[in-house]
Amino acid sequence: MSASPEQIRATADSYIAALVAGDLEAVLDLYAENATVEDPVGNGTVHEGKAAIREFYSSVVALKIEGEVLEARVCGHDLLFNFEITTHFDENSSATINVWDLMTHDEQGKVASMRAYWTPENMR
């Protein structure tokens, strides 16, 4: 049975909620075993498989993050969504970034590939 558009769309909210909660296991649960993550696109690094994805996200979830999904679209097995996250480094220092993620889902509704589109121009 294939994942429904609603299930695929829910991935965006689950992803941001897991990042905000600092919940590494919840982030990893969204991904298929042999998934790939390229964040940001064009940096030359593709994290492949759960171990590599765990290593990538372990430093991300350690940060104090606020975030929200701004827009999401589902086309077939693809989820394209725009979100902003603010990372608080200390009480006087933070950075906000606007990102578009493209997540392709497998038949079970797990993320098979994630590509994040952002550059330093998208930070403030």
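Predicted model only: the values in this text are computed from it and were never measured.
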Of all heavy-atom pairs between [X] and [Y], which one has the smallest distance, and what is that distance?
X	Y	result
Ala18	Val27	CB-CG2, 3.5 Å
Gly67	Val20	N-CG2, 3.6 Å
Leu30	Ser14	CD2-CB, 4.0 Å
Ile8	Gly76	CD1-O, 3.6 Å
Ser58	Leu24	N-CD1, 4.0 Å
Val74	Pro5	CG2-O, 3.7 Å

*For side-chain contact (heavy atoms from CB on, under 4.5 Å), just list the numbers for His105 and Gln7, CA-CA rounded to whole Å, side-chain angles, deciding distance to a tenth of an Å, and then say yes or no.*
CA-CA 10 Å; His105 292 68; Gln7 290 170 311; over 6 Å; no
*Dump the intermediate steps for side-chain contact (heavy atoms from CB on, under 4.5 Å) on Leu19 and Val60, then the final yes or no.*
CA-CA 8 Å; Leu19 292 179; Val60 176; 3.9 Å; yes
Does some side-chain heavy atom of [Y] sit less than 4.5 Å from a side-chain heavy atom of [X]?
X	Y	answer
Asp101	Met114	yes
Leu79	Leu102	no
Phe81	Arg9	no
His77	Ser2	yes
Ile85	Ile97	yes
Phe83	Tyr15	yes
His47	Thr36	no
Asp106	Val111	no

*asked:* I'd like to know if the side chain of Ser93 and the backbone of Asp90 have a donor-acceptor N/O pair within less than 3.5 Å.
replied: no
*Are the side chain of Asp78 and the backbone N or O of Cys75 linked by a donor-acceptor pair below 3.5 Å?*
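No; zero donor-acceptor contacts below 3.5 Å.
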*Just how far is it from atom OG1 of Thr96 to atom CE of Met123, taken to the nearest 0.5 Å?*
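Output value for this atom pair is 8.5 Å.
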*Rounded to the nearest 0.5 Å, what's the gap from CD1 on Ile16 to CD on Glu66? Could you check?*
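Spacing of CD1 (Ile16) from CD (Glu66) equals 12.5 Å.
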*Given side-chain contact (heavy atoms from CB on, under 4.5 Å), test Ile53 with Leu28 step by step and report yes or no.*
CA-CA 7 Å; Ile53 293 170; Leu28 292 173; 3.7 Å; yes
*asked:* Test of understanding: clusters of I, L, V, M, F, W, Y form through side-chain heavy atoms closer than 4.5 Å, transitively. Do Val46 and Phe56 belong to the same one?
replied: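 Result: no, two separate clusters.
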_Leu63-Val61 co-clustered via ILVMFWY side chain contacts under 4.5 Å_ =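 Per the 4.5 Å side-chain linkage, Leu63 and Val61 are co-clustered.
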*Taking it one step at a time, do Asp39 and Trp118 satisfy side chain to side chain donor-acceptor pair (under 3.5 Å)?*
CA-CA 8 Å; Asp39 186 351; Trp118 63 273; 2.7 Å; yes
_Enclosure of Lys50 NZ (heavy-atom neighbours >12, cutoff 6.0 Å)_ =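 Atom NZ in Lys50 is packed in, count exceeds 12.
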_Neighbour count >12 (heavy atoms, 6.0 Å) for atom CD, Glu121_ =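 At most 12 heavy atoms, drawn from other residues, nucleotides or ligands, come within 6.0 Å of this atom.
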*Salt bridge present between Asp29 and Lys110 (N-O < 4.0 angstrom)*: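 Salt bridge present between Asp29 and Lys110.
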*Assign the ring pair Tyr31 / Tyr57 to parallel, tilted or perpendicular, where the plane angle (0 to 90°) is split at 30° and 60°.*
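Tyr31 vs Tyr57 ring planes: tilted.
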*Among all residues two or more places apart in sequence or in another chain, which pass the side-chain contact (heavy atoms from CB on, under 4.5 Å) test with Leu70?*
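Listed in chain order: Glu68, Asn82, Glu84, Asn98.
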*Quick one: list whatever passes ring pair (Phe, Tyr, Trp, His ring centres under 6.0 Å) with Tyr117, sequence neighbours left out.*
none
_Go through it in stages, so that I can follow the logic: the residues are Thr86 and Ile65, the test is side-chain contact (heavy atoms from CB on, under 4.5 Å), and I'd like the CA-CA distance, side-chain angles, deciding distance and then a yes or no._
CA-CA 6 Å; Thr86 300; Ile65 295 173; over 6 Å; no
*Give the C-alpha distance, both sets of side-chain angles, the deciding distance and a yes or no for salt bridge (Lys or Arg N to Asp or Glu O under 4.0 Å) between Glu91 and Lys64.*
CA-CA 11 Å; Glu91 60 187 48; Lys64 185 176 183 214; over 6 Å; no
